[in-house]
Undergrad: 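The structure's right below; bear with me while I get my questions together.
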Number of protein chains: 2
Amino acid sequence: MDTSTTSPINKEKIQSISKEFKVISDPTRLSILFLLQKEELSVGNIVLALDMEQSAISHQLKILNDSRLVKARREGKSMVYSLDDLHVFSILEQVLTHIKEQEQ
Amino acid sequence: MDTSTTSPINKEKIQSISKEFKVISDPTRLSILFLLQKEELSVGNIVLALDMEQSAISHQLKILNDSRLVKARREGKSMVYSLDDLHVFSILEQVLTHIKEQEQ
DNA sequence: TTTACATATGAATAACAAATCATATGTTTA
DNA sequence: TAAACATATGATTTGTTATTCATATGTAAA
């Protein structure tokens with residue numbers, strides 16, 4: 001009798017939920033998400049708004065982009081980032097659903 | 001013109017949301033929460049279910065307890081932990097609310 | 001009232017993630 | 001097509017967090 005069969009939720013699922021939460025639990029990434037809630041922004045403008053190194057912002061944007069929380073398009077020399085709203089919500093709702101399912 | 005006045009959400013708020021998310025984004029803590037969704041459990045039983053060191057579990061339970069996601073009561077030699085459901089939900093709903101507020 | 005049992009806790013270590021540094025890539029303009 | 005500009009990226013450093021180790025605390029039973 002191992003835990004993988006008896007536990008209500010398996011390790012892979014826990015890992016994936018964990019990963020999704022981690023993406024949205026870093027202060028820098030959260031700040032970016034909240035900034036983009038208002039309007040789309042170039043990397044340079046995000047750097048200005050958060051007063052951080054361009055490299056740090058780019059690294060975090062990559063993580064957000066990889067998890068499809070934001071999307072990017074080129075505009076001349078700049079890259080303009082915007083929210084991929086649907087996915088932000090789906091992550092949260094997915095977790096709420098999980099919890100609610102376990103309830104009864 | 002500083003970001004604290006112009007940004008839609010201030011640094012302290014970001015920090016507190018970040019902290020709350022971090023608590024529920026660790027795989028071990030998530031596993032404990034999902035286990036307790038089903039039934040209340042002693043530390044020993046959580047240790048068995050997750051097949052981890054007792055000390056590691058206790059440390060994580062402390063973090064969950066400090067953020068009031070779980071509560072504990074003594075039962076003989078054991079400590080029995082259970083979910084503090086309301087607070088789990090309030091954290092998630094708080095964030096959803098934040099995001100929705102920013103939307104329009 | 002000593003021993004065993006269950007959990008908690010402080011300190012040290014290990015694992016991981018973020019920021020920095022240096023530089024590369026891609027785009028526009030002179 | 002060289003220079004300037006905007007962003008991305010690999011490697012290193014720094015910071016943070018989880019786990020382990022050793023042991024303390026609290027409870028119950030012999």
Side-chain angles (χ1 to χ4, degrees), chain A residues 3 11 14-36 39-83, chain B residues 3 11 14-36 39-83:
Chain A
T3 44
K11 279 180 188 171
I14 290 281
Q15 288 298 337
S16 89
I17 295 176
S18 166
K19 273 181 193 162
E20 289 179 333
F21 267 119
K22 278 192 177 159
V23 174
I24 54 178
S25 65
D26 174 74
T28 300
R29 290 191 292 268
L30 264 180
S31 300
I32 293 173
L33 289 177
F34 280 114
L35 274 177
L36 295 181
E39 55 184 339
E40 58 174 25
L41 290 170
S42 68
V43 176
N45 283 332
I46 297 173
V47 168
L48 284 176
L50 301 185
D51 189 29
M52 290 180 62
E53 295 245 343
Q54 174 267 316
S55 176
I57 298 298
S58 276
H59 279 295
Q60 296 313 142
L61 281 170
K62 177 165 176 44
I63 293 172
L64 288 170
N65 195 51
D66 287 351
S67 21
R68 298 190 308 134
L69 287 167
V70 303
K71 51 194 173 190
R73 72 164 200 280
R74 178 168 287 280
E75 196 168 274
K77 281 179 276 187
S78 304
M79 294 295 286
V80 178
Y81 282 83
S82 58
L83 277 196
Chain B
T3 45
K11 279 179 189 173
I14 291 281
Q15 287 298 336
S16 88
I17 296 176
S18 166
K19 273 181 193 161
E20 288 180 333
F21 268 121
K22 277 191 178 161
V23 174
I24 54 177
S25 65
D26 173 74
T28 300
R29 290 191 292 268
L30 264 180
S31 300
I32 293 173
L33 290 176
F34 279 115
L35 274 177
L36 296 181
E39 55 184 338
E40 60 174 24
L41 289 171
S42 68
V43 177
N45 283 331
I46 297 172
V47 168
L48 283 176
L50 300 184
D51 189 29
M52 290 180 63
E53 295 245 344
Q54 174 267 317
S55 176
I57 298 299
S58 277
H59 278 296
Q60 296 313 142
L61 280 170
K62 177 164 174 47
I63 293 172
L64 288 170
N65 194 51
D66 287 351
S67 21
R68 299 190 308 133
L69 287 166
V70 303
K71 52 194 173 189
R73 71 165 202 279
R74 180 169 285 281
E75 196 168 275
K77 282 179 277 187
S78 304
M79 294 294 287
V80 177
Y81 281 84
S82 58
L83 276 196

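The sequence lines fix the lettering, A, B, ..., with proteins before strands; numbering per chain opens at 1.
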Undergrad: Report the distance from atom OG1 of B/T28 to atom CG of B/L50, rounding to the nearest 0.5 Å.
TA: 7.5 Å
Undergrad: Only distances under 3.5 Å count here; give the side-chain donor-acceptor pairs of residues 71-82 of chain A to other protein atoms, sequence neighbours excluded, each with its distance to 0.1 Å.
TA:
residue	atom	partner	partner atom	Å
A/R73	NH1	A/E40	OE1	2.8
A/R73	NH1	A/E40	OE2	3.2
A/R73	NH2	A/E40	OE2	3.1
A/R73	NH2	A/E75	OE1	2.5
A/R74	NH1	A/G76	O	3.2
A/R74	NH1	A/K77	O	3.4

Undergrad: Rounded to the nearest 0.5 Å, how far apart are CZ of A/F34 and CG of A/L83?
TA: 10.0 Å
Undergrad: What residues in residues 74-82 of chain B put a non-hydrogen atom under 4.0 Å from any atom of DNA chain D?
TA: B/R74, B/G76, B/K77
Undergrad: What's the spacing between A/K19 NZ and A/I63 CD1 if we round to 0.5 Å?
TA: 12.5 Å
Undergrad: If the condition is side-chain hydrogen bond (donor to acceptor under 3.5 Å, both in side chains), which residues does A/K62 pass it with, not counting sequence neighbours?
TA: A/D66
Undergrad: To the nearest 0.5 Å, how far apart are CZ in A/F21 and CG in B/D26?
TA: 12.5 Å
Undergrad: So, taking the atom named OG in A/S31 and the one named CD1 in B/I17, what distance separates them when rounded to the nearest 0.5 Å?
TA: 9.5 Å
Undergrad: Students should find this one: the first and last nucleotides of DNA chain C, 5' to 3', lying under 4.0 Å from a heavy atom of chain A. What are they?
TA: C/dA18 to C/dT28
Undergrad: Check side chain to side chain contact (heavy atoms under 4.5 Å, CB included) between B/N45 and all other residues, then give those that pass, not counting sequence neighbours.
TA: B/L41, B/S42, B/L48
Undergrad: In degrees rounded to 10°, what angle is found between the helical axes fit to the five outermost pairs at each end of the helix from C/dT1-D/dA30 to C/dA30-D/dT1?
TA: 10°
Undergrad: Which atom pair, heavy atoms only, marks the closest approach of A/L36 to A/I46?
TA: CD2-CD1, 4.3 Å
Undergrad: By side chain to side chain contact (heavy atoms under 4.5 Å, CB included), which residues pair with B/V47, not counting sequence neighbours?
TA: B/V43, B/Q54, B/I57
Undergrad: Between the protein and nucleotides 18-21 of chain D, list the N/O to N/O atom pairs that are separated by less than 3.5 angstrom.
TA:
residue	atom	partner	partner atom	Å
D/dA18	OP1	B/R29	NH1	2.8
D/dA18	OP1	B/R29	NH2	2.7
D/dT19	OP1	B/T28	OG1	3.0
D/dT19	OP2	B/Q60	OE1	3.3
D/dT20	O4	B/H59	NE2	3.0
D/dC21	N4	B/S55	OG	2.6

Undergrad: Where do A/P27 and B/I14 come nearest, in terms of heavy atoms and distance?
TA: O-CG2, 3.6 Å
Undergrad: For A/S25, does its backbone N or O pair with a side-chain atom of B/S18 as donor and acceptor, under 3.5 Å?
TA: yes
